[in-house]
Student: 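Got a structure here, written out as structure tokens. Questions coming.
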Amino acid sequence: MIKWTVEPFNKPIFRYFHCHFHSPTKVKLCFGCVKNSVLKCVFVPKKYELSSPMRETRFVDVILPLALPKLYTYRVPFECNDEVAIGKRVLVNFGASKIYSGLIGKIHGNPPEAYQAKYIEAVIDEYPVVTDLQLKFWDWICDYYLCYAGELLLASLPASLRLASETIVVPIDAGIGVYDKLTDAERVVFDALIENNRMALADIADLLQRKSVYPLVKSMLEKQVVGIEEEVHDRYKVLTKPFVSLAENFKSDAQLNEAFDLLKRAPKQQDALMKVLQLLGGNHQAKIPKSTIISADDSLNAAISSLQKRGILNIEYIPVDRVKGNEADGKVLNLSVAQNGALESIKEGFEQDKVTLLHGVTGSGKTEIYIRLIEETLKKGKQVLYLVPEIALTGQLTGRLEAYFGKQLRVYHSKFSNNERAEIWYKLLDGTEVKLVVGARSAMLMPFSNLGLVIVDEEHDGSYKQQNPAPRYQARDSAIMLAKMHNAKVLLGSATPAIESYFNAKKSKFHYVPLLERFGKAVLPNIELVDLKKATRDQQIQGEFSDRLLDAISDTINGGEQVILFQNRRGFSPRWLCTTCGWCPECKNCDITLTYHKYKHNLRCHYCGYLLNPPPKCLACGSPSLKMIGFGTEKIEEDLSMLLKDARVGRMDYDSTRGKNAYQQIIHDFETNKINVLVGTQMVTKGLDFDRVGLVGILSADQMLSFPDFRSNERSYQLMMQVAGRAGRREKPGKVLIQTYNTEHWLLQAIVNGNQDLVYQKETQDRREFLYPPYCRIVNITASHIDKHTVEGAAKELAKQLRVFLGARVLGPEYPPIARVRNKYRMEILVKLDGKVDLVKAKALIQSKSEELKLIKAFKSVRVILDVDPY
DNA sequence: AGCACGCCGACT
DNA sequence: GTCGGCGTGCTC
Ligand SMILES: [Zn+2]
Ligand SMILES: [Zn+2]
């Protein structure tokens, strides 16, 4: 922890600092006292002199960890001139009192003309924590996706490496009669301060049950009864563990015999020493973790301490990894003929420096090909980035890769703690141990220095696009740019490529490698449609299940095989409904019905988090007959358990996998056949390999097909193919049943007939006809404001201004399906940028016009969000 | 994101 | 009258 004390009566608050640990030396800042940290001491014993002609005065442009459009210029204290470097963090005072750790983005010697630059408080790092290539990459993302460097800093740098000060109020011994000077509220605060010694501003707000406390604290500051400290906590600590070794004087056998003589009366210590020697196994120079000695026998702990006191053993704290790499299992990988062919073809693409698209059907063994390519890249001493959808990280893939690549690999996961992320960050900066990073979208923002290969698996997946907050980047598209900067190769892989990627392949912009043969004789599943219209007419339907599907499930489980049932979550949500008047509980902040969560028995808004207990009576008509509707996985699980006695049903969705190991447990239960029917949402579509699945059922294809979005056909196709791929792995073909009211739909027909080409051909044609990507680029502009008329006015004005330059390319504004979120009304403008406009100029225009909107008085508090290439 | 400054309604 | 809530603008 670094701590500054601000002398309370000094007007310019950040002039004089005391380091608590080096007191009474007056220093500007001190890091020397921070244990185990990369921070270091900056002694600045005197006030800075104003610039003299003899000295070079340097300035740095700092990226602050805030969503601000610009960089801020700070002056470098002469003493730090040699320390500043691009990519290092600096502590700077921003605003009245806050201290942030910003990042040096630029160094120059131009004093700002319009204002007096503040000094940086300190240079934090000895070496840059962000590489030049990262900064270059950030620049590109900012330009392309219309966002700010600060937003990239926020998205990239692990929170442990981002420091911000906290304002701490401390009492001052103000002598007798303090109370007379204070108001009632101030007395309450003062008493609490005496008791607690120190309080954060938020604590005081809590105590007084009010929102703004700053004026009160300011008044107390003026009355000289409190002081203020700005504390910055160094949040990243290297984790250390105790290691035991033999002391210098007890390494030889003779010396050790002496030691045992000394211990004649201490049998426990003899035991401990014996155990140490045994674990050292003859290597008397080695150090062993204390935990391994006492793991079997806790009572040895005290003995070890005694041995240390006697000077026989040394104990030292050595840094250890929080996120441990695993040992490789040394298994060899053999590729099939088809896989080898694909591998060669991919390399041909790489030689032409082309992005390569590997179109491999489910089960064709893409992963083995990836592994081979990764191996070859690592051998050349280069790093590899392997991107997968977030959902696949929890599955079986990572274990498999870890077994193969051992310690060179790190998985980068959003579930890691901040310190774990920081550790991986530093490991990658260091670049000696970790060479391969497997992770979701945000893994691409890590500090790679020497990428040789970027793999984007399931390249069509929508989760590669970041939604909120900014930067709203598309990881697949950005990966291509990242690779270009590193001079690395790019491999996109998918069983169902995105229309855009397939288009690029067809146009020879990408090198295309098909791998349409399943690995190990496995046969493609047999897909069949179940006509729900007919089933309803013939009364062969129970709830969500047609008799055909029920029979198939029953047959499958009776044959000892397993079933996966897929329930599409998009557009579905369980809700509470009044059967008398049709009323549904709605969110008070958003225009949406609340989702019912059975496990907690509450109603929740997915947009703002608003919670409501299910009302006992209808709030519209007072009728008590309310019921749950909607086709969530819970209901399917429940119904199926009732309909089929032999079904042991498990459920995999967002709710059922909340717990720490819940996900692994469900997978384990399914693998061991404890469950024989698995009902799930999108989660069952990715990263799972099961051997016994005889049947996959898609409960309804209709919702996804009718989703109002230009990608709905593409998405439906990808989703259905992906779930279908879970069926029938080995020799036996699996069965896939798709229930629908719309058996004639061209896409469903194409799927049943295995006519993949038709899907891509027809969809590409539709995109051209209705002008959607890949035939244009889309920028989505969302305006939001508490007042409906204000947004409408603002959005219309913005659209009007854009139309002056872009004409009919500007569509809308229109209200989105959910017009109000978090009590703000939203309106959207869609801009379609075709090949005839200059993309860069058009985007710059959109950005400037959006910013200019704030200059109109009535619209100045309208928020505008730009989303480039929305998904 | 904070935090200051300024305006406006509720309570002394 | 004053305190505290809230909208608006600025931070190098
Ligand atoms: Zn009702
Ligand atoms: Zn809501």
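Residue numbers begin at 1 in each chain, while the letters A, B, ... track the order of the sequences. Computed from heavy atoms alone, side chains included, the values below leave out hydrogens, waters and symmetry copies.
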Student: What residues, two or more places apart in sequence or in another chain, satisfy ring-ring contact (aromatic ring centres under 6.0 Å, His included) together with A:F859?
Tutor: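 Result, ring-ring contact (aromatic ring centres under 6.0 Å, His included) vs A:F859: none returned.
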
Student: Name the one of A:D477, A:D867, A:D869 that satisfies side chain to side chain donor-acceptor pair (under 3.5 Å) with A:K465?
Tutor: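 Only match with A:K465 under side chain to side chain donor-acceptor pair (under 3.5 Å): A:D867.
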
Student: Report the relative orientation of the aromatic rings in A:F416 and A:H413; use parallel for angles under 30°, tilted for 30 to 60°, perpendicular for over 60°.
Tutor: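 A:F416 and A:H413: tilted rings.
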
Student: Can you find a donor-acceptor pair, distance only, under 3.5 Å between A:Y214 side chain and B:dC3 base?
Tutor: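 Answer is no: no donor-acceptor pair is held.
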
Student: Round to the nearest Å and state the distance from A:I99 atom CD1 to B:dA1 atom P.
Tutor: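 It works out to 20 Å between those atoms.
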
Student: Using a 4.0 Å heavy-atom cut-off, write out nucleotides 7-12 of chain B from 5' to 3' as B (base contacted by protein), S (sugar-phosphate only) or - (no contact).
Tutor: ------

Student: Could you give the CZ-to-P distance, from A:R162 to B:dA1, as a whole number of Å?
Tutor: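 After rounding, the reported distance stands at 12 Å.
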
Student: With a cut-off of less than 4.0 Å, is there a side-chain N or O of A:S861 near OP1 or OP2 of C:dT8?
Tutor: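 Yes, A:S861 has a side-chain N/O under 4.0 Å of OP1/OP2 on C:dT8.
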
Student: Check the angle between the aromatic planes of A:Y179 and A:F190 and answer parallel, tilted or perpendicular using the 30° and 60° thresholds.
Tutor: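 Geometry flag for A:F190 against A:Y179: perpendicular rings.
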
Student: Choosing from C:dG4, B:dG2, C:dC12, which nucleotide comes nearest the side chain of A:Y72?
Tutor: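 Minimum distance to the A:Y72 side chain belongs to C:dC12.
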
Student: Of the listed nucleotides (C:dG5, C:dC12, B:dC3), which one gets closest to any side-chain atom of A:T167?
Tutor: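 So the side chain of A:T167 is nearest to B:dC3.
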
Student: Just compare B:dC3, C:dG4, C:dT11 and give me whichever is closest to any side-chain atom of A:F94.
Tutor: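 Nucleotide nearest to A:F94's side chain: C:dT11.
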
Student: Select one nucleotide: of B:dA1, C:dG9, C:dC6, the one nearest the side-chain heavy atoms of A:K860.
Tutor: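 So the side chain of A:K860 is nearest to C:dG9.
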
Student: Say you draw a straight line from CD of A:E151 to CZ of A:R472; how long is it, rounded to the nearest 0.5 Å?
Tutor: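 Going from the CD atom of A:E151 to the CZ atom of A:R472 covers 7.0 Å.
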
Student: To the nearest angstrom, how far is A:L216 atom CG from C:dG4 atom P?
Tutor: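 Atom CG in A:L216 sits about 7 Å away from atom P in C:dG4.
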
Student: Considering only C:dC12, B:dC3, B:dA1, which nucleotide approaches the side chain of A:L68 most closely?
Tutor: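 The listed nucleotide nearest to A:L68's side chain is B:dA1.
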
Student: Indicate whether the side chain of A:E231 and that of A:S165 have a donor and an acceptor atom separated by less than 3.5 Å.
Tutor: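 No donor-acceptor contact under 3.5 Å links the two side chains.
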
Student: Figure out the CD1/P separation between A:I228 and B:dA4, and round it to whole Å.
Tutor: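 Roughly 9 Å, once rounded to whole Å.
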
Student: Which is more 5' along DNA chain C, the nucleotide nearest A:I786 or the one nearest A:R210? Just name the residue.
Tutor: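 On the 5' side of the pair lies A:R210.
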
Student: Closer than 4.0 Å, any side-chain N/O of A:K211 to the OP1 or OP2 of C:dC6?
Tutor: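 For C:dC6, OP1/OP2 do have a side-chain N/O of A:K211 under 4.0 Å.
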
Student: Would you mind reading off the distance between A:K218 atom NZ and B:dG2 atom P, rounded to a whole angstrom?
Tutor: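 In whole Å, B:dG2 P and A:K218 NZ are 19 Å from each other.
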
Student: Does this structure show an ion pair linking A:R820 with A:D591, if we count only N-O contacts that are shorter than 4.0 Å?
Tutor: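 A salt bridge links A:R820 with A:D591.
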
Student: Which of the following nucleotides, C:dC6, C:dG4, B:dA4, is nearest to the side chain of A:S212?
Tutor: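 Out of C:dC6, C:dG4, B:dA4, the nucleotide with an atom closest to A:S212's side chain is C:dG4.
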
Student: Hey, are A:E828 and A:R826 close enough for a salt bridge, meaning a charged N less than 4.0 Å from a carboxylate O?
Tutor: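 Salt bridge between A:E828 and A:R826, a charged N being under 4.0 Å from a carboxylate O: no.
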
Student: Which nucleotide, C:dT11, C:dG4, B:dA4, lies nearest any side-chain atom of A:K118?
Tutor: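 Given the options C:dT11, C:dG4, B:dA4, the side chain of A:K118 is closest to C:dT11.
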
Student: A:K854 has an atom NZ; how far is it from atom P of C:dG7, in whole Å?
Tutor: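 It is 17 Å, rounded to the nearest whole Å.
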
Student: Whether A:R187 and A:D184 form a salt bridge (side-chain N of Lys/Arg under 4.0 Å from carboxylate O of Asp/Glu) is what I want to check.
Tutor: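 Salt bridge flag = yes for A:R187 with A:D184.
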
Student: Looking only at the side chain of A:K70 (C-beta and beyond, no hydrogens), which of the listed nucleotides B:dG2, C:dC12, B:dC3 gets closest?
Tutor: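 The listed nucleotide nearest to A:K70's side chain is C:dC12.
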
Student: Using heavy-atom distances to pick each residue's nearest nucleotide on DNA chain C, tell me which of A:Q209 and A:A117 is more 5'.
Tutor: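 Its nearest nucleotide being more 5', the pick is A:Q209.
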
Student: Any side-chain N or O of A:Y100 below 4.0 angstrom from OP1/OP2 of B:dG2?
Tutor: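 Affirmative; the distance criterion is met.
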
Student: Over how many whole Å does the gap from A:E230 atom CD to B:dG2 atom C1' extend?
Tutor: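 Checked: the CD to C1' distance equals 11 Å.
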
Student: Choosing from C:dT8, B:dC3, C:dG5, which nucleotide comes nearest the side chain of A:L201?
Tutor: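 Nearest nucleotide to the side chain: B:dC3.
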
Student: With the side chain of A:Y115 defined as its heavy atoms from C-beta on, choose the nearest nucleotide among B:dC3, C:dC12, C:dG5.
Tutor: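 For the A:Y115 side chain, the nearest candidate turns out to be C:dC12.
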
Student: Given atom CG of A:N93 and atom C1' of C:dT11, what is their separation to the nearest angstrom?
Tutor: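 In whole Å, C:dT11 C1' and A:N93 CG are 9 Å from each other.
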
